[in-house]
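Lettering of chains follows the sequences in order, A, B, ..., and the numbering in each one begins at 1.
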There are 2 protein chains.
Amino acid sequence: METTYSIADISNETGLSIDVIRYYERIGVLPAVKRKENGHRAYSKSDLARFTFITQLKRTQMPLKEIERYIRYYNEGDFEACYRTLHAHKLGIERQLAELHDILGVMNYKLENYQQLIQSKE
Amino acid sequence: METTYSIADISNETGLSIDVIRYYERIGVLPAVKRKENGHRAYSKSDLARFTFITQLKRTQMPLKEIERYIRYYNEGDFEACYRTLHAHKLGIERQLAELHDILGVMNYKLENYQQLIQSKE
DNA sequence: GTAATACCTGAACCATGGTTAAGGTCAAGC
DNA sequence: GCTTGACCTTAACCATGGTTCAGGTATTAC
């Protein structure tokens, strides 16, 4: 009664294209998984959970190399390294959030200027 | 009494490397500026202000092509297009902020797990 | 005069993150 | 038995965003 997922299922769940999933596996970002007799990849539930988290890391602009390193630490059981990597990355995201927030302010100011410019021309 | 800035000054103010400034000029992202008699670029105060804003856009991951398009609209006096471009981009940033925020939540959860794992091993 | 500094140009090179193409296997439905 | 669909592999190709190199000019400092 083991549920397995095809590569297309994983693509649907994670939003990655099928080609990208194979590419990530090739470069070591997504771990290789079991195959069915016909050679097709058969993903387990825990594979899916892992992949979901990895794609979340990717959405935060974590470079593939760093994701790969993180995965490696995890596979080696070096959870302190996992912690450190994740924590450092989190600080980076927080800095980025703060910066984006500031820039939004600048953009709002510019947008107002443009609005006035446009209205005064009508 | 016109203040001008060298390319090194602009590099210091914007955080872009000198090479990148020349590269951006080449691909049309940063407008070309006046030269001194010796051929060196002489940036004005308004150039600096523009470049600062452009580098802010870049920090929000706006692609160089889109920045270039925005600059073009501006030079053509098409402020409505400027407005639209900026506004659309702003919505994108807001979506990204929301997503990053969610993922931070996931990361905090993971970090806690790792902490417990690490402490239980000590 | 010569060295160091600051800039200039054009062109080659590079890293990252994919995408596409060519050719093949396997199972299901008609 | 043949087409369709889902998957497979290897390898070439591509876009973006730079970086580096080679060779040259002008200014200042000694």
> Pairs in or reaching into residues 43-58 of chain B: which pass salt bridge (charged side-chain N to carboxylate O under 4.0 Å, His left out), with residues at least two apart or in two chains?
Replying inline: none
> Looking at side-chain heavy atoms only, is the closest gap between Ile7(A) and Arg22(A) below 4.5 Å?
Replying inline: yes
>> Is it the case that over 12 heavy atoms from other parts of the model lie below 6.0 angstrom from the CZ atom of Phe79(A)?
In response: yes
> Roughly how many Å is it from CD in Glu25(A) to C1' in dG18(C), rounded to a whole number?
Replying inline: 16 Å
>> Can you confirm whether Arg41(A) sits close enough to Arg35(A) that some side-chain heavy atom of one is under 4.5 Å from a side-chain heavy atom of the other?
In response: yes
> Taking NZ from Lys36(A) and C1' from dC8(D), how many angstroms apart are they, rounded to a whole number?
Replying inline: 12 Å
> Are any non-hydrogen side-chain atoms of Arg69(B) and Lys65(B) less than 4.5 angstrom apart?
Replying inline: no
> More than 12 heavy atoms of other residues, nucleotides or ligands under 6.0 Å from CD of Glu37(B): is that the case?
Replying inline: no
> What integer distance in Å separates Ile21(A):CD1 from dT19(C):C1'?
Replying inline: 14 Å
> When the ring centroid of Phe51(A) is compared with that of Tyr43(A), is the distance short of 6.0 Å?
Replying inline: yes
>> Is the phosphate of dT9(C) approached by Arg35(B) (side-chain N or O, under 4.0 Å from OP1 or OP2)?
In response: yes
> Does Ser17(A) have a side-chain nitrogen or oxygen under 4.0 Å from the phosphate oxygens OP1 or OP2 of dT19(C)?
Replying inline: yes
>> Ignoring hydrogens, what is the shortest heavy-atom contact between Gln96(B) and Gln61(B)? Give both atom names and the distance.
In response: NE2-OE1, 3.6 Å
> Between atom CZ in Arg26(B) and atom P in dT20(D), what is the gap in whole Å?
Replying inline: 14 Å
Measure all distances between protein nitrogen or oxygen atoms and nitrogen or oxygen atoms of nucleotides 21-23 of chain D, and list the pairs falling under 3.5 Å.
none

> Atom CE of Met62(A) to atom P of dG17(C): distance rounded to whole Å?
Replying inline: 12 Å
> Gln61(B) has an atom CD; how far is it from atom P of dG17(D), in whole Å?
Replying inline: 10 Å
Are there any protein N/O atoms within less than 3.5 Å of an N/O atom in nucleotides 4-7 of chain D, and if so, which ones and at what distance?
residue, atom, partner, partner atom, Å
dC7(D), OP1, Ser6(A), OG, 3.2

Short heteroatom pairs, N/O only, protein and nucleotides 13-16 of chain C, under 3.5 Å:
residue, atom, partner, partner atom, Å
dT16(C), OP1, Lys65(A), NZ, 3.0
dT16(C), OP2, Lys65(A), NZ, 2.9

> If you group Ile, Leu, Val, Met, Phe, Trp and Tyr by side-chain heavy-atom gaps below 4.5 Å, do Ile71(B) and Tyr73(B) land in one group?
Replying inline: no
>> Please list all pairs meeting side-chain hydrogen bond (donor to acceptor under 3.5 Å, both in side chains) that have one or both residues in residues 7-17 of chain B, counting only residues at least two apart or in different chains.
In response: Ser6(B)-Asp9(B)
Which pairs, protein N/O on one side and nucleotides 27-30 of chain D N/O on the other, fall under 3.5 Å?
none

>> Looking at every non-hydrogen atom in both residues, tell me the closest pair between Leu104(B) and Leu97(A) and how far apart they are.
In response: CD1-CD1, 3.5 Å
> Do the side chains of Asn108(B) and Lys90(A) get nearer than 4.5 Å, heavy atoms only?
Replying inline: yes
> Going by heavy atoms in the side chains, are Asp102(B) and Gln56(A) under 4.5 Å from each other?
Replying inline: no
>> Between Glu99(A) and Arg95(A) (salt bridge meaning N to carboxylate O under 4.0 Å), is one present in this structure?
In response: no
> Side-chain N or O of Tyr24(B) less than 4.0 angstrom from OP1 or OP2 on dG18(D)?
Replying inline: yes
>> What is the separation between atom CD on Glu68(A) and atom P on dG17(C), rounded to the nearest whole Å?
In response: 12 Å
